[in-house]
Amino acid sequence: GAGVSQSPRYKVAKRGQDVALRCDPISGHVSLFWYQQALGQGPEFLTYFQNEAQLDKSGLPSDRFFAERPEGSVSTLKIQRTQQEDSAVYLCASSLFQGSSYEQYFGPGTRLTVT
Amino acid sequence: RKEVEQDPGPFNVPEGATVAFNCTYSNSASQSFFWYRQDCRKEPKLLMSVYSSGNEDGRFTAQLNRASQYISLLIRDSKLSDSATYLCVVNGRTNAGKSTFGDGTTLTVKP
């Protein structure tokens with residue numbers, strides 16, 4: 001079946017621009033996670049949704065970052081006024097059950113470059 | 001100090017070698033543990049869960065030591081296809097959303 005998809009796969013933004021990154025999780029998956037992965041590092045947790053509820057946004061680095069999952073399926077991560085330090089791969093993952101104690105299925109990521 | 005720490009490597013081993021990776025975590029309340037594998041410029045994929053009693057999947061063995069707060073992964077009879085970065089993952093209380101990943105250990109298996 002279809003896995004997690006993300007779009008766009010690559011995004012180049014000028015400093016100060018707003019960007020929106022989309023994640024389509026596996027159908028029926030309750031949990032959705034966003035991560036930021038810098039080169040040479042592991043994924044860093046950003047936020048977690050259980051269905052449409054954003055239960056944990058402790059990892060969002062600033063108020064320029066905003067995520068939503070209004071109908072409990074597709075999710076969008078928005079970054080306002082992008083900065084160079086936002087350059088990274090943004091990974092989305094979904095899981096069948098609630099919480100992070102089960103296998104997470106990752107999408108291919110969106111590589112964001114801020115110039 | 002990071003919550004989850006791994007030796008970054010790289011580990012360069014010949015085919016057929018046995019190699020072991022360790023991972024330490026700081027939160028003693030952590031509940032679940034995993035090893036993920038990430039190939040270059042690809043997404044992470046689950047390799048195996050880690051149970052208190054230890055678990056084995058073919059050539060791979062994972063162990064958890066709660067008292068010392070470390071997790072290990074042993075790979076026997078290494079294959080060229082095992083070359084990847086291995087990420088240790090630690091989760092908090094059940095049903096919480098946050099996963100904490102280590103920065104990974106890079107393995108290169110050479111012919």
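Numbers restart at 1 for each chain; the letters A, B, ... are given by sequence-line order, proteins then strands.
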Count I, L, V, M, F, W, Y as connected when their side-chain heavy atoms are under 4.5 Å apart, and connections chain through other members. Are [X] and [Y] then in the same cluster?
X	Y	value
A:Trp34	A:Ile79	yes
B:Leu46	B:Val90	no
B:Val89	B:Leu47	no
A:Tyr90	A:Leu60	yes
A:Leu77	A:Val89	no

Going by heavy atoms in the side chains, are [X] and [Y] under 4.5 Å from each other?
X	Y	value
A:Leu91	B:Pro44	yes
A:Pro43	B:Leu87	yes
B:Ser99	A:Gln104	yes

Practice task
Would you mind listing every ring-ring contact (aromatic ring centres under 6.0 Å, His included) that reaches into residues 4-33 of chain A, with sequence neighbours excluded?
Solution key: A:His29-A:Tyr105, A:Phe33-A:Tyr48
Please set out all donor-acceptor pairs under 3.5 angstrom arising from side-chain atoms of residues 102-109 of chain B, sequence neighbours excluded.
residue	atom	partner	partner atom	Å
B:Asp103	OD1	A:Gly42	N	3.0
B:Asp103	OD1	B:Lys2	NZ	3.0
B:Asp103	OD2	B:Lys2	NZ	2.8
B:Thr105	OG1	B:Gln6	NE2	3.4
B:Thr105	OG1	B:Asp7	O	2.5
B:Thr106	OG1	B:Thr85	OG1	3.2

Problem - Approximate separation, where rounding is to 0.5 Å, of A:Glu103 CD and B:Lys45 NZ - result: 10.5 Å
Practice task
Nearest 0.5 Å please: distance from the NZ atom of B:Lys98 over to the CG atom of A:Leu46.
Solution key: 10.5 Å
Practice task
Assess the pair A:Phe45 and B:Phe101: is the distance between their ring centroids shorter than 6.0 Å?
Solution key: no
Exercise for the section: Check the side chains of A:Ser101 and B:Gln31 for a donor-acceptor pair under 3.5 angstrom, ignoring hydrogens and angles. Expected result: no
Completion exercise
Highest number of heavy-atom pairs under 4.5 Å with chain B among A:Gly107, A:Gly59, A:Ser95 belongs to A:Gly107
Practice task
Please flag which part of A:Phe49 lies under 4.5 Å from any non-hydrogen atom of chain B: side chain, backbone, both or neither.
Solution key: neither
Handout entry: Under 4.5 Å from a heavy atom of chain A, the part of B:Phe33 involved
Key = neither
Practice task
Can you establish whether the number of heavy atoms outside A:Glu71 located under 6.0 Å from its atom CD is more than 12?
Solution key: no
Practice task
Give me the one residue out of B:Lys42, B:Gln38, B:Glu43 that meets side chain to side chain contact (heavy atoms under 4.5 Å, CB included) with A:Phe106.
Solution key: B:Glu43
